[in-house]
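Since we're looking at a predicted model, the values are computed, not measured. In what follows, every heavy atom counts, from backbone to side chain, and hydrogens, waters and symmetry copies are set aside.
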Amino acid sequence: ELKQSIEREGLLEPLLIHKNGDSKEYTLLNGHYRIRILRRLQVKEVSCNVIVCDEEQAVSNYIASFIRKNSLSALEEGHILSNLVKKGYQLKEISQKWNKSESWISRRIKLLRDLDEALKTGLKNGHIFPRIAQELSRLPQGNEQKRVYELVKSHRLTKDETALLVDRWLMANPKEKLNI
């Protein structure tokens, strides 16, 4: 729909960007889906609103734009949060900006690091709920995560039931795992 709208009407809402210090580079703060479509359409020039602010305010604006639209997947959130940590932001600062607990932020970042790639794809495509993925990420990557996910799927387990299954799996020896 957005692509058709841009093709028909052009870009109605300018992108929001932030100039990175004295460099000639800019950071996109708002308009990520629009820029993807514009690139696919091979549009060379677009309207932008440039915000003049410090780095911290730019990060706040970036986060606010996504929170307002509530359009991020769990993995996209994890990428943004991970980048904020890499930039030196503390979990407490991030949790205040996102209005989420430090624990929630850590779990989102953990999905990037500890979830098997095949399960990340399922999460990205909406086939796996974030809370289920968080529980699966407690297991070693690979066959164990996939095997437990198959059990979760076949028995249609809730997030709480999945948490109990993962706890049981982590305590079981290899022979017991065959009977779970």
Side-chain angles (χ1 to χ4, degrees), residues 1-138 141 159:
E1 289 178 24
L2 183 58
K3 181 179 183 253
Q4 291 170 348
S5 170
I6 290 173
E7 286 175 321
R8 191 176 53 251
E9 309 288 333
L11 185 64
L12 298 176
E13 184 182 344
L15 305 175
L16 182 62
I17 60 174
H18 170 262
K19 190 169 191 308
N20 297 334
D22 295 330
S23 75
K24 294 181 181 180
E25 294 181 2
Y26 292 83
T27 300
L28 181 64
L29 300 176
N30 187 310
H32 293 81
Y33 293 118
R34 287 174 279 153
I35 196 88
R36 287 182 196 163
I37 291 168
L38 291 164
R39 285 179 179 152
R40 273 190 245 138
L41 294 172
Q42 298 180 347
V43 174
K44 301 291 182 200
E45 293 183 13
V46 297
S47 298
C48 296
N49 289 330
V50 181
I51 272 191
V52 179
C53 60
D54 63 16
E55 181 73 20
E56 187 169 335
Q57 185 60 46
V59 169
S60 293
N61 288 332
Y62 179 70
I63 292 168
S65 74
F66 282 113
I67 291 172
R68 258 194 329 272
K69 293 182 181 179
N70 197 21
S71 61
L72 293 176
S73 72
L75 290 174
E76 289 170 323
E77 289 170 342
H79 281 292
I80 291 169
L81 295 166
S82 178
N83 286 333
L84 290 173
V85 169
K86 286 176 187 169
K87 286 184 176 189
Y89 287 91
Q90 301 297 313
L91 288 180
K92 185 173 185 173
E93 293 174 281
I94 299 168
S95 73
Q96 290 169 348
K97 289 182 187 300
W98 280 65
N99 198 28
K100 299 285 186 180
S101 70
E102 291 177 44
S103 165
W104 182 90
I105 292 164
S106 295
R107 288 191 306 268
R108 281 299 196 255
I109 293 170
K110 186 176 179 0
L111 286 174
L112 290 178
R113 186 185 63 233
D114 296 341
L115 191 63
D116 182 81
E117 287 302 320
L119 296 178
K120 281 182 192 176
T121 300
L123 176 61
K124 180 180 172 185
N125 294 334
H127 302 298
I128 302 174
F129 293 114
R131 276 297 315 265
I132 300 286
Q134 285 171 200
E135 293 301 332
L136 294 170
S137 71
R138 295 171 40 212
Q141 283 187 13
K159 61 182 170 50

Is there a side-chain contact between Pro130 and Leu123 (heavy atoms, below 4.5 Å)? yes
Quick one: are Lys124 and Glu76 in side-chain contact, heavy atoms under 4.5 Å? no
Looking at every heavy atom in both [X] and [Y], which two are closest together, and how far apart are they?
X     : Y      : answer
Leu91 : Ser106 : CD1-OG, 3.4 Å
Gln90 : Glu93  : N-OE1, 2.9 Å
Lys97 : Tyr89  : CE-CE2, 4.3 Å
Ala74 : Leu111 : CB-CD1, 4.0 Å
Gly31 : Leu15  : O-CD2, 3.6 Å
Trp98 : Glu77  : CZ3-CG, 3.9 Å

Go through Glu7 and Lys3 one step at a time and tell me if the salt bridge (charged side-chain N to carboxylate O under 4.0 Å, His left out) criterion holds. CA-CA 6 Å; Glu7 286 175 321; Lys3 181 179 183 253; 3.5 Å; yes
For the pair Arg131 and Glu135, find out whether any cationic side-chain nitrogen is under 4.0 Å from an anionic carboxylate oxygen. yes
Under 6.0 Å from the [atom1] atom of [X], do we count more than 12 heavy atoms belonging to anything else shown?
X      : atom1 : value
Arg39  : CZ    : no
Glu9   : CD    : yes
Phe129 : CZ    : no

Would you say the side-chain atoms of Gln141 pair up with the backbone N or O of Arg113, donor to acceptor, closer than 3.5 Å? yes
Would you say the side-chain atoms of Lys92 pair up with the backbone N or O of Glu102, donor to acceptor, closer than 3.5 Å? no
Pair Arg34, Leu2 - check side chain to side chain contact (heavy atoms under 4.5 Å, CB included), show working. CA-CA 8 Å; Arg34 287 174 279 153; Leu2 183 58; 3.9 Å; yes
List in chain and number order the residues that pass salt bridge (charged side-chain N to carboxylate O under 4.0 Å, His left out) with Lys87, two or more places apart in sequence or in another chain; answer none if no residue qualifies. Glu55
Leu11 pairs by side-chain contact (heavy atoms from CB on, under 4.5 Å) with which of Ile37, Leu38, Ile35? Leu38
